[in-house]
Number of protein chains: 2
Amino acid sequence: MTTSSTRGQRNAEKVHIEDAFWNPLMELVRKTVIPYQWEALNDLIPDAEPSYAIRNFRVAAGLEEGEFGGMIFQDSDVAKWLEAAGYSLANHPDPELERTADGVIELIAQAQHENGYLNTYFTIREPGKQWTNLHEAHELYCAGHMMEAAVAYYEATGKRKLLDVMCKFADYIGTVFGTEPGKLRGYDGHQEIELALVKLYQATGEDRFLKLAQFFIDQRGTEPNFLVEECKRREGYSHWAQKKVPIPSVEQLSYNQAHKPVREQDAAVGHAVRAVYMYTAMADLARLTGDRELLEACRRLWSNTTTKQMYITGGIGSTHHGEAFSFDYDLPNDTVYAETCASIGLIFFARRMLLLEPRSEYADVMERALYNNVIGSMSQDGKHYFYVNPLEVWPKASEHNPGRRHVKPVRQKWFGCSCCPPNVARLLSSLNSYIYTASAEENKIYAHLFIGSEAQFGLAAGQVALKQQSRLPWEGYARFEFTEAPSEPFALALRIPSWSLNQAVMRINGVTAHYDVEQGYAVVNRQWVPGDIVEWEPALEARLIAAHPEIRVNAGKAAFERGPLVYCLEETDNGRPLASLSIERSAELRSGYDADLLGGAVTIEAQGRADEHDSWDAAAPYRPLIQQQASEPVTLKAVPYYLWGNRETGEMTVWIRTCS
Amino acid sequence: MTTSSTRGQRNAEKVHIEDAFWNPLMELVRKTVIPYQWEALNDLIPDAEPSYAIRNFRVAAGLEEGEFGGMIFQDSDVAKWLEAAGYSLANHPDPELERTADGVIELIAQAQHENGYLNTYFTIREPGKQWTNLHEAHELYCAGHMMEAAVAYYEATGKRKLLDVMCKFADYIGTVFGTEPGKLRGYDGHQEIELALVKLYQATGEDRFLKLAQFFIDQRGTEPNFLVEECKRREGYSHWAQKKVPIPSVEQLSYNQAHKPVREQDAAVGHAVRAVYMYTAMADLARLTGDRELLEACRRLWSNTTTKQMYITGGIGSTHHGEAFSFDYDLPNDTVYAETCASIGLIFFARRMLLLEPRSEYADVMERALYNNVIGSMSQDGKHYFYVNPLEVWPKASEHNPGRRHVKPVRQKWFGCSCCPPNVARLLSSLNSYIYTASAEENKIYAHLFIGSEAQFGLAAGQVALKQQSRLPWEGYARFEFTEAPSEPFALALRIPSWSLNQAVMRINGVTAHYDVEQGYAVVNRQWVPGDIVEWEPALEARLIAAHPEIRVNAGKAAFERGPLVYCLEETDNGRPLASLSIERSAELRSGYDADLLGGAVTIEAQGRADEHDSWDAAAPYRPLIQQQASEPVTLKAVPYYLWGNRETGEMTVWIRTCS
């Protein structure tokens with residue numbers, strides 16, 4: 001294996017966000033979400049399902065008597081919280097939070113076994129059963145999340161305690177898994193450790209962690225299938241069923257993306273979060289090892305995921321059965337899954353693809369998922385979350401049709417399986433790492449997201465400091481100022497957002513500038529000097545969007561988009577049933593900023609039509625169609641999707657019927 | 001309790017069907033379905049799931065060693081087969097079939113316990129556990145079906161053997177259930193015995209059977225809730241879960257329509273088949289006892305079921321979770337249930353409402369369910385069946401989206417739970433009893449369905465013989481000839497079908513005749529003489545139908561109807577995706593008889609439009625809407641819904657987008 005950590009893109013060295021749109025969300029995470037989640041992990045939230053997560057560590061550490069509580073992967077919630085806390089501390093020192101985090105890390109260290117093993121479920125509930133149910137038990141998954149937390153906390157604070165704990169655990173895992181005789185040629189049912197080991201490698205420079213990641217990726221889906229064989233060794237005993245179940249077929253392991261070797265996989269299948277976490281690690285490995293076959297697999301899986309199985313909101317996963325992908329173009333709006341965590345994983349994948357090869361399509365999807373599915377999952381108060389992010393809601397159906405019970409019309413306090421809220425927290429706390437990448441060798445800085453920030457880059461040409469100001473998502477305007485620049489030329493590459501339809505004007509120091517277009521980026525390579533100002537104006541207009549004709553559910557419909565934001569109609573603005581509304585294809589869309597709407601947002605109004613109801617006899621479910629559609633003009637009002645469900649509970653739809 | 005068996009309507013005395021449309025279907029039942037089902041009951045069909053039904057009786061009768069096989073209610077399949085055989089023998093003597101049936105009846109008699117008890121599951125698998133799980137075990141349900149078989153067989157052949165067996169069982173049941181001290185104040189989780197006891201009463205004239213039916217109806221849903229208390233006595237043990245489960249709440253018993261007393265029920269809830277079987281018995285009792293409160297409940301439940309929870313095909317039950325109703329106007333076309341048995345039950349209910357009070361709306365719904373959902377469930381070869389009858393099918397989704405796996409794009413051979421095929425057989429074999437009712441006192445004959453037949457009626461005025469010829473469903477023409485008429489006047493009431501939009505011409509002996517309209521019937525009261533001919537021409541035209549705006553899924557769509565038939569588009573005629581097609585609201589609909597289509601049928605063609613696909617980049621799931629819809633003219637071809645799925649497997653839809 002050739003490791004080459006200097007290949008391709010790297011992150012900016014240091015990015016600090018200062019942005020009118022994002023700072024309030026990040027502050028919400030820092031001031032409310034992280035403290036609230038801390039209370040949740042400690043079972044201090046009245047009326048919410050208890051987490052047991054911290055208590056499990058206390059019990060495993062021998063500090064408290066008790067049973068294991070919560071999901072078998074409950075440890076990962078603590079890890080995700082710690083990871084978010086680490087990012088938050090990197091952005092914003094907070095001695096109290098740091099003290100709390102140090103205390104948790106102390107507790108985690110106490111729960112670690114002498115040999116490095118760490119997992120409260122197996123410590124408390126099933127000692128001796130370690131590594132006997134990789135298929136279901138999330139053992140390496142929990143390890144992976146704790147590794148991510150260790151790296152984030154180390155990078156934020158310089159404190160090595162958790163990093164050492166997790167390196168020790170990783171080394172122990174390396175004694176258990178591998179191709180050598182006597183080791184398990186296995187991998188986790190839920191991918192996560194693969195990407196985490198890459199992070200551990202990057203934080204420590206220790207090749208063995210990268211090699212272990214590659215082992216897990218290489219092993220997955222090979223014959224004889226480890227998960228099938230393992231299940232046979234357990235005689236089919238299932239943790240989830242709490243009884244013996246039929247041995248799964250290799251085909252059924254598509255749920256775990258273990259039905260065939262990863263390099264042979266073409267289509268996104270199975271549990272969506274597992275899939276994108278795996279793709280993320282694959283892209284990492286493709287970049288760090290130069291593995292061409294892995295790169296091709298990443299490209300194929302990216303393409304399938306984002307062009308055939310992605311909602312317009314950046315949601316993925318069309319069915320709640322297995323929280324899974326279904327198949328190409330099957331994107332039901334009402335029985336949708338589109339789990340928050342899956343979109344976050346898609347953002348991880350996108351970022352790794354950008355590091356691998358800067359193409360604007362990766363950033364386009366990253367932005368789409370971020371501005372819509374992900375931030376829409378959190379309430380304005382930071383204390384309520386959607387796990388499922390529907391594109392069409394009829395509250396009565398959520399209540400009375402069991403096939404839609406997973407679709408909640410209102411954000412929930414906390415979940416028994418509470419993977420999503422801490423995942424949102426860690427993503428938003430680390431948002432600064434998604435804005436830029438840079439290639440030191442090529443002397444090129446890429447701006448993927450337009451988020452106000454200060455960033456520093458170490459290029460071969462020298463050190464660069466760049467200040468971005470952005471009016472997104474409300475206006476198509478960003479301003480970049482170089483506050484430090486080397487005496488050698490270097491390139492600035494600004495993403496031409498897909499929503500601008502390639503209409504994007506660049507001005508340098510007030511003068512319209514020509515730029516080259518490379519893989520969707522506007523590139524200017526020149527000698528920059530401190531004080532140089534680049535203004536960037538991608539056309540940002542409200543538009544009606546159509547879906548590919550193979551997406552059957554959206555035939556004859558359109559969605560409102562404005563820049564990176566997808567919009568929706570809510571009952572509170574438009575009455576009900578929303579299905580009675582339609583929009584003229586040529587309707588003029590009027591955008592206006594409404595300062596009173598949930599912290600301020602641009603809304604879109606347009607002329608539409610409402611089918612008339614008055615002539616209907618309540619006793620006639622069906623009647624002859626009236627040749628001239630009887631409808632009356634109405635003004636439709638669309639609000640950003642990410643804000644839906646923050647006012648009165650009611651119907652919501654992203655897709656609206658069009659009329660001529 | 002006042003019993004008054006002469007109230008209201010009665011069936012015609014004898015009706016023999018002779019009809020170009022229905023005879024082939026009835027012959028299919030007689031020559032193929034009944035023999036095929038006999039083989040199925042005897043596990044003689046290769047590759048089909050075994051039934052075990054006959055073997056269970058042999059084991060219970062002590063003729064064979066073995067375990068119980070199949071569903072806990074497997075006995076009912078034998079009963080339904082026998083019932084169908086009975087009807088078939090009434091229409092068409094068949095010594096071999098009769099010998100077979102006699103043999104089964106002999107077997108059943110041998111499986112009966114000394115005290116009258118009869119149920120192979122409890123005899124073989126759980127002796128001693130009788131009447132301990134009314135909630136789940138279908139014990140009285142199976143009894144009910146066998147009572148229906150007994151009555152049908154007795155009426156067809158005059159043989160009392162099975163009737164005696166079931167009267168004995170009914171009497172035994174009467175010793176177990178009742179309000180007297182020491183008896184169970186219970187009822188079955190799956191209604192059926194209630195309507196069966198009414199039939200037993202009608203066949204025998206024994207009031208005690210009617211009273212037992214009324215006991216079950218009266219008891220249902222009263223406090224303390226029997227099913228809840230029974231579940232407590234079992235400490236929550238569930239047959240289906242094979243373990244203890246939480247004691248259900250009274251609210252959860254809405255699944256069994258036992259959440260409140262039946263007279264207080266307003267909306268169709270829970271398992272659809274159970275619901276309509278219960279409503280059928282309620283309507284019987286309302287008629288036979290003059291119970292006004294029960295009548296009002298029937299009217300409310302009829303109205304809710306048929307105006308707010310019925311598909312255009314006459315299907316009911318919107319969700320496969322519990323094979324149940326969901327709530328008003330929730331009629332998804334793709335995740336639909338619309339079980340065949342439920343529509344059959346709806347037909348039972350409609351017929352009982354017609355006996356109670358002749359209103360054409362009951363017959364309209366009866367016809368709708370019969371011509372669409374019910375006969376569409378059976379393949380042209382009589383050997384394959386739909387259990388679920390969808391209004392929209394995307395075969396890939398049935399395969400790859402677990403939420404649609406219950407929707408089969410192809411009729412299945414037989415089912416582990418094979419309630420539907422024998423139910424179709426017994427309905428079609430007894431179709432003659434659905435055509436007419438008559439009121440002897442009022443000297444009035446009602447024709448509800450237009451099916452060629454010869455019928456006799458005993459009116460107060462005297463004996464009437466009536467010959468109907470019909471060109472339905474292809475043409476709006478029926479011809480009635482009196483071949484026997486008394487010397488007193490009497491009335492003929494012909495249903496004015498809802499699909500005729502009240503445009504129906506009557507000619508008597510070639511001369512256009514005036515008629516009175518009473519509750520949707522064209523009534524002529526006069527002195528008829530043998531040879532009088534009434535021609536009846538309800539306007540039968542292909543039309544586009546719209547759905548009530550509250551039925552959100554059908555907003556902006558239309559369905560083709562022509563007379564009693566609902567039509568659909570199939571991929572084999574129209575390409576795919578069908579969602580790309582739309583029809584102009586003012587499109588001319590061209591009907592034509594296609595003799596080559598699956599035995600001959602009228603198809604409908606119309607000008608439509610197909611969204612263009614060619615300009616779509618496969619890599620773009622979403623793009624800006626083109627203001628002028630790019631579409632090309634196409635000829636849409638619709639075929640009767642009941643014929644769908646008999647050619648190449650592909651997409652199907654009943655509802656089509658409209659365009660201006």
Side-chain angles (χ1 to χ4, degrees), chain A residues 303 306-308 310 312 318-322 324 326-327 329-330 332 334-335 394 396-397 399-403 501 543-553 555-556 558-559 561 577-580 582 585-586 611 613 616 618-629 657-660, chain B residues 303 306-308 310 312 318-322 324 326-327 329-330 332 334-335 394 396-397 399-403 501 543-553 555-556 558-559 561 577-580 582 585-586 611 613 616 618-629 657-660:
Chain A
S303 168
T306 62
T307 70
K308 297 200 168 71
M310 185 182 71
I312 193 171
S318 300
T319 171
H320 73 287
H321 297 270
S326 58
F327 66 103
Y329 300 117
D330 181 42
D334 51 357
T335 58
W394 182 9
K396 269 194 178 175
E399 194 181 347
H400 296 294
N401 187 320
L501 306 183
R543 291 184 209 281
L544 287 174
I545 304 294
H548 193 286
E550 293 283 337
I551 306 175
R552 286 148 175 79
V553 290
E561 256 186 23
L578 292 176
S580 290
S582 54
R585 299 176 76 91
S586 57
D611 298 346
H613 288 202
W616 275 88
Y622 308 105
R623 72 175 190 194
L625 184 76
I626 295 166
Q627 290 206 352
Q628 285 304 317
Q629 179 162 26
R657 281 193 289 133
T658 56
C659 52
S660 305
Chain B
S303 166
T306 61
T307 70
K308 297 199 168 70
M310 185 182 71
I312 193 170
S318 299
T319 172
H320 74 288
H321 297 269
S326 58
F327 66 102
Y329 300 118
D330 182 42
D334 51 359
T335 58
W394 181 10
K396 270 194 176 173
E399 194 180 346
H400 296 294
N401 186 320
L501 307 182
R543 293 184 207 281
L544 288 174
I545 303 294
H548 193 285
E550 292 282 337
I551 305 175
R552 285 149 176 80
V553 291
E561 256 187 23
L578 292 177
S580 290
S582 54
R585 300 177 74 91
S586 55
D611 298 347
H613 287 203
W616 275 88
Y622 308 104
R623 72 175 190 192
L625 184 76
I626 295 165
Q627 290 205 354
Q628 285 303 318
Q629 180 162 26
R657 281 192 289 131
T658 57
C659 52
S660 304

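Looking at every heavy atom in both residues, A/P577 comes nearest to B/P549 through CG-O, 3.6 Å. Between B/T306 and A/P621 the shortest heavy-atom distance is O-CG, 3.5 Å. Heavy-atom minimum distance, B/G556 versus A/R657: CA-NH1, 3.2 Å. Scanning both residues, A/L625 and B/A546, for their nearest heavy atoms gives CD1-CB, 3.6 Å. Heavy-atom minimum distance, A/A618 versus B/H548: CA-NE2, 4.4 Å. In plain terms, the two heavy atoms of B/I312 and A/Y622 that are nearest each other are N-OH, 3.1 Å.
Per-residue counts of heavy-atom pairs under 4.5 Å with chain B were compared for A/N401, A/I551, A/T319; the largest is that of A/N401. When A/A579, A/P402, A/S318, A/S326 are compared by the number of non-hydrogen pairs under 4.5 Å with chain B, A/P402 comes out ahead. Interface summary for chain A: among B/M310, B/E561, B/E399, B/H320, the most heavy-atom pairs under 4.5 angstrom belong to B/M310. Looking only at heavy-atom pairs under 4.5 Å with chain B, the residue among A/A559, A/A324, A/C659, A/A555 that has the most is A/A555. Interface summary for chain B: among A/A620, A/A619, A/S580, the most heavy-atom pairs under 4.5 angstrom belong to A/A619.
If you take CH2 on A/W616 and CD on B/E550, they are separated by 11.0 Å, rounding to the nearest 0.5 Å.
Looking at B/S586, both its backbone and its side chain come within 4.5 Å of chain A, counting heavy atoms on both sides. Only the side chain of A/T658 comes within contact range of chain B, with heavy atoms under 4.5 Å apart. In this structure, chain A has no heavy atom under 4.5 Å from any part of B/L578. Using a 4.5 Å cut-off between heavy atoms, A/A558 touches chain B through its side chain atoms alone. Of the atoms belonging to B/R552, heavy atoms from both backbone and side chain fall under 4.5 Å from chain A.
In this structure, the ring-ring contact (aromatic ring centres under 6.0 Å, His included) partners of A/H400, at least two apart in sequence or on a different chain, are B/F327. Taking the salt bridge (charged side-chain N to carboxylate O under 4.0 Å, His left out) definition, one finds that B/R623 meets it with B/E612, sequence neighbours left out.
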